Asks: 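Take this structure, written in structure tokens, and hold onto it; I'll ask about it next.
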Amino acid sequence: MKPRVCVITGYGINSDYELEHCFALAGGDARRVHINDLISGTVRLADFDILAVPGGFSFGDHIASGRVFANKLKRFLGDELQTAVQKGVPIIGICNGFQVLIKLGLLPGPDAKAPGETQDGATAAGALRQTSTLTFNDSGRFEDRWCHLKAVTQSPCIWTRGIDMTYLPVRHGEGKFVPADEAELQRLRDNGMICLRYATATGGRPDFPANPNGSVDDVAGICNESGLVFGLMPHPEAHMHATNHPQWLRLGLRGEGEGLRFFRNAVDFVGK
């Protein structure tokens with residue numbers, strides 16, 4: 001059987017069809033599901049093998065990008081999402097979806113040594129708690145450009161396996177990754193949770209515009225400690241075909257795009 005993929009959609013999401021198509025190309029049985037159908041119980045998260053939160057402008061990015069969507073998920077589906085993480089379900093959040101997972105607290109993920117806030121306002125070890133953020137780009141404007149990215153080979157991230165360098169587009173106004181403090185940044189480094197960085201074309205450390213938003217430590221994507229929950233600002237679903245590349249004719253590119261590898265990794269992981 002093909003792994004069942006839930007692409008969570010809702011108000012303001014605009015990359016759900018592309019994400020659904022990507023998972024289908026990668027061998028998954030993908031389905032777009034509105035967040036209200038999950039909240040009502042019409043569709044259950046537990047029935048899926050992979051979960052995905054697409055990009056867009058959920059709820060108009062009111063308050064902050066991804067905040068309202070994250071609050072709805074935490075309030076109504078927080079326990080189910082944590083159960084999915086404990087069961088080893090791969091989860092991805094792209095662009096606005098990354099912002100949602102960060103503000104939900106599912107990424108970088110709870111630190112077992114630090115208490116988090118539960119739904120009733122109490123604290124408990126391992127509960128969802130925001131420890132990083134994605135804020136306004138240093139340029140002060142919306143950045144829409146293609147970027148070189150370098151994967152961290154030592155990371156446990158299952159989504160980036162076999163990837164060294166890749167080339168994907170970004171399109172965001174609030175993509176600057178900032179951890180709560182130096183200790184949190186060090187936790188991410190020590191556990192291999194920084195799994196994707198902005199880079200130059202040769203893999204070096206970049207300045208603007210190669211780092212399009214000013215992210216601390218050039219972070220483009222992170223995972224939780226298990227490597228199953230993954231979020232990134234670039235759009236792999238926007239490079240599913242070689243013809244998505246801005247220079248595909250000049251370079252003579254054909255076949256699959258580089259972004260499809262991320263989705264194949266997850267589908268293959270579940271299949272095995």
Side-chain angles (χ1 to χ4, degrees), residues 6-16 19 32-40 45 51-82 84-85 91-111 114-123 126-144 170-181 184-185 188 193 212-216 219-224 229-235:
C6 177
V7 178
I8 305 175
T9 188
Y11 308 104
I13 295 294
N14 64 15
S15 297
D16 46 332
L19 195 52
R32 295 168 53 256
V33 180
H34 198 284
I35 185 174
N36 288 351
D37 289 332
L38 294 170
I39 291 173
S40 69
L45 281 178
L51 306 179
V53 186
F57 303 91
S58 59
F59 293 92
D61 282 344
H62 293 313
I63 306 176
S65 293
R67 173 63 70 190
V68 175
F69 205 88
N71 287 351
K72 284 182 72 73
L73 286 174
K74 185 174 184 179
R75 172 66 178 83
F76 297 104
L77 298 166
D79 290 341
E80 292 179 54
L81 286 167
Q82 290 205 79
V85 172
I91 301 174
I92 188 171
I94 301 170
C95 195
N96 195 232
F98 186 20
Q99 294 162 341
V100 169
L101 296 186
I102 284 281
K103 287 160 186 174
L104 172 63
L106 215 58
L107 280 175
D111 185 345
E117 185 177 335
T118 60
Q119 291 184 12
D120 59 5
T123 58
L128 296 176
R129 184 173 69 96
Q130 184 178 347
T131 59
S132 300
T133 196
L134 289 157
T135 189
F136 296 103
N137 301 339
D138 280 355
S139 65
R141 63 174 184 248
F142 191 91
E143 294 293 339
D144 183 358
V170 298
R171 44 193 190 224
H172 57 251
E174 297 177 45
K176 179 178 180 177
F177 177 81
V178 181
D181 50 36
E184 177 65 6
L185 178 61
L188 302 183
M193 297 160 72
N213 46 49
S215 282
V216 173
V219 171
I222 64 171
C223 63
N224 69 346
V229 184
F230 173 51
L232 72 166
M233 286 308 299
H235 287 265

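None of these values were measured; they are calculated from a predicted model.
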Asks: Are the side chains of S65 and H172 in contact, using a 4.5 Å heavy-atom criterion?
Replies: no
Asks: Would you name the heavy atoms of L19 and V53 that are closest together and state the gap between them?
Replies: CD2-C, 4.4 Å
Asks: Should F59 and N71 count as side-chain neighbours, where that means a heavy-atom distance under 4.5 Å?
Replies: no
Asks: Measuring only between side-chain heavy atoms, which start at C-beta, is L104 closer than 4.5 Å to L81?
Replies: yes
Asks: CG/L73 to CD1/I39 distance, rounded to the nearest 0.5 angstrom?
Replies: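 Rounded to the nearest 0.5 Å, the CG-CD1 separation comes to 7.0 Å.
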Asks: Which heavy-atom pair separates S58 from N96 by the least distance, and what is that distance?
Replies: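 S58 and N96 have their closest heavy atoms at OG-OD1, 2.7 Å.
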Asks: P234 and L232: which non-hydrogen atoms are nearest, and at how many Å?
Replies: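 Residues P234 and L232, closest heavy atoms: O-CG, 3.4 Å.
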Asks: Rounded to the nearest 0.5 Å, what's the gap from CG on L38 to CG on L45? Could you check?
Replies: 4.5 Å
Asks: Any side-chain to backbone donor/acceptor pair from S132 onto I102? Under 3.5 Å, distance only.
Replies: no
Asks: Do the charged groups of R141 and E143 touch, with an N to O distance under 4.0 Å?
Replies: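 Judged by the 4.0 Å cut-off on N to carboxylate O distance, R141 and E143 do form a salt bridge.
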Asks: Quick one: closest heavy-atom pair of Q130 and R67, and the distance?
Replies: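 So the minimum-distance heavy-atom pair works out to OE1-NH2, 3.0 Å.
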Asks: Specify the closest pair of heavy atoms between L107 and C223, including all atoms of both residues, with the distance to one decimal.
Replies: CD2-C, 3.7 Å
Asks: Distance check, rounded to the nearest 0.5 Å: L77 atom CG versus I8 atom CD1?
Replies: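 Result: 7.5 Å between the selected atoms.
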Asks: Quick one: CG on L134 to NZ on K176, what's the gap to the nearest 0.5 Å?
Replies: 11.5 Å
Asks: Looking at CD1 of I35 and OG1 of T9, how far apart are the two atoms once the value is rounded to the nearest 0.5 Å?
Replies: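 Output value for this atom pair is 9.5 Å.
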Asks: I need the L101 CG to L128 CG distance, nearest 0.5 Å.
Replies: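 If I round to the nearest 0.5 Å, the distance is 10.5 Å.
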Asks: Taking atom types as modelled, is there a side-chain donor on N137 or S139 under 3.5 Å from an acceptor on the other?
Replies: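 N137 vs S139: no donor-acceptor pair found between side chains.
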Asks: Do M233 and Q99 make a side-chain contact, defined as non-hydrogen atoms from C-beta onward lying under 4.5 Å apart?
Replies: yes
Asks: Determine the minimum heavy-atom distance between N224 and L106, stating which atoms define it.
Replies: CB-O, 4.5 Å
Asks: Would the Y11 and H34 ring centres measure less than 6.0 Å apart?
Replies: yes
Asks: Step by step, work out the side-chain contact (heavy atoms from CB on, under 4.5 Å) result for K72 and N36.
Replies: CA-CA 10 Å; K72 284 182 72 73; N36 288 351; 4.3 Å; yes
